Amino acid sequence: MPCLARYTRLSGLIAAVVMSSALAYAADEEEASHVPPTLESSPFTSEREAVTWRQNELKDLERLLRQLRFDLVNNRDARGAAPRLAELQQHATPEYFLPAFIEGTGGRGSDARPEIWEEWDDFIAGFQDLEQKVSVLVEAAEQEDYRAATRAFSELSLSCRSCHRAYRYK
């Protein structure tokens, strides 16, 4: 259990560092859209740390989406989903995730294909599409339009799958 607690604290610390560095990363958006991060320009101390962080965060994002589908589609509970929707909006952004995609951190121990860094602008566009689809979902939930929320989940799933097909092994 102490190991889990330490990992949780470390994960929270890394998330805070990534969020603060994301502001700097987003500030120079034009350059960032053409150049993948390097270890030196990232908040991580090693490539392995970046890979582990992004894998864990993406798994957490998947779990969050499953919970939200249950809240909004199955239970039709937009108010109960509100905290999770806020978390989704914070995390499902290029600014949050891209600093962890350090150039060349594919291969062994990673599910990332090398095409990520070869097609960097397209990869960024996938995260921008995700962010836009999340906004549609949040708007549907705020309106308590559960049909629209169901459609938004379908669109969101398609966005995830298309990116995974292009840029992820497995």
Side-chain angles (χ1 to χ4, degrees), residues 11 14-15 18-19 22 25-26 29 32-37 42 44 47-78 80-170:
S11 183
I14 291 171
V18 168
M19 288 300 290
Y25 187 79
E29 190 174 315
S33 68
H34 298 291
V35 181
S42 81
F44 300 97
E47 291 177 346
R48 184 74 215 136
E49 181 183 49
V51 169
T52 302
W53 181 88
R54 74 181 184 228
Q55 286 174 335
N56 289 331
E57 289 296 312
L58 286 165
K59 285 177 189 170
D60 287 348
L61 193 63
E62 287 180 65
R63 280 190 288 274
L64 182 62
L65 286 168
R66 281 194 300 272
Q67 291 170 335
L68 282 166
R69 180 179 289 278
F70 184 78
D71 288 343
L72 295 172
V73 176
N74 297 358
N75 287 344
R76 297 178 172 251
D77 182 11
R84 284 191 270 279
L85 285 166
E87 181 180 352
L88 180 65
Q89 273 192 302
Q90 276 186 322
H91 293 182
T93 67
E95 294 80 19
Y96 187 75
F97 277 104
L98 291 179
F101 282 91
I102 297 169
E103 188 165 16
T105 54
R108 285 184 65 140
S110 171
D111 296 333
R113 294 178 183 247
E115 288 83 0
I116 288 173
W117 298 279
E118 295 164 8
E119 302 169 5
W120 186 247
D121 288 342
D122 292 336
F123 184 66
I124 291 171
F127 271 105
Q128 291 168 335
D129 183 58
L130 173 69
E131 186 175 32
Q132 188 273 327
K133 301 280 195 269
V134 166
S135 293
V136 171
L137 174 63
V138 169
E139 185 176 320
E142 287 173 349
Q143 300 293 322
E144 295 187 20
D145 183 344
Y146 298 107
R147 286 183 88 181
T150 301
R151 280 192 306 274
F153 266 111
S154 293
E155 292 295 317
L156 191 56
S157 294
L158 288 174
S159 178
C160 292
R161 273 186 294 222
S162 70
C163 194
H164 285 182
R165 265 187 245 116
Y167 300 115
R168 180 180 180 207
Y169 290 115
K170 291 185 181 183

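Just so you know, these numbers use all the heavy atoms, side chains as well, and skip hydrogens, waters and symmetry mates. In this text the structure is predicted, and so the values were computed from the model without any measurement.
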Please enumerate all residues that pass side-chain contact (heavy atoms from CB on, under 4.5 Å) together with Arg108, with sequence neighbours excluded.
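Partners of Arg108 under the side-chain contact (heavy atoms from CB on, under 4.5 Å) test: none.
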Could you report the tightest heavy-atom contact between [X] and [Y], atom names first, then the distance?
| X | Y | answer |
| --- | --- | --- |
| Phe97 | Glu57 | CE2-CB, 3.5 Å |
| Gln128 | Pro94 | CG-CG, 3.9 Å |
| Gly126 | Ser159 | O-OG, 4.2 Å |
| Ile102 | Ala50 | CD1-CB, 3.5 Å |
| Pro99 | Phe44 | O-CE1, 3.8 Å |

Answer whether the closest heavy-atom distance between the side chains of [X] and [Y] falls below 4.5 Å.
| X | Y | result |
| --- | --- | --- |
| Leu98 | Thr93 | no |
| Arg54 | Ser110 | yes |
| Phe153 | Leu65 | yes |

If I take atom [atom1] from residue [X] and atom [atom2] from residue [Y], how far apart are they, to the nearest 0.5 angstrom?
| X | Y | atom1 | atom2 | result |
| --- | --- | --- | --- | --- |
| Leu85 | Gln67 | CG | CD | 11.5 Å |
| Leu137 | Arg151 | CG | CZ | 12.0 Å |
| Leu61 | His91 | CG | NE2 | 9.0 Å |
| Arg147 | Arg76 | CZ | CZ | 9.0 Å |
| Leu72 | Thr150 | CG | OG1 | 8.5 Å |
| Ser162 | Leu130 | OG | CG | 10.0 Å |

Can you list everything that forms a ring-ring contact (aromatic ring centres under 6.0 Å, His included) with Phe123? Sequence neighbours excluded, please.
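Listed in chain order: Phe101, Trp120, Phe127, Tyr167.
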Not counting sequence neighbours, list each pair that qualifies as a side-chain hydrogen bond (donor to acceptor under 3.5 Å, both in side chains) and has a residue in residues 133-145.
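Sorted result for residues 133-145: Asp129-Lys133.
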Between [X] (side chain only) and [Y] (backbone N and O only), is there a donor and an acceptor less than 3.5 Å apart?
| X | Y | value |
| --- | --- | --- |
| Gln55 | Gly109 | yes |
| Arg168 | Ala112 | no |
| Tyr146 | Ala78 | yes |

With side chain to side chain contact (heavy atoms under 4.5 Å, CB included) as the test, would you mind laying out the steps for Val136 and Glu155 before giving the verdict?
CA-CA 9 Å; Val136 171; Glu155 292 295 317; over 6 Å; no
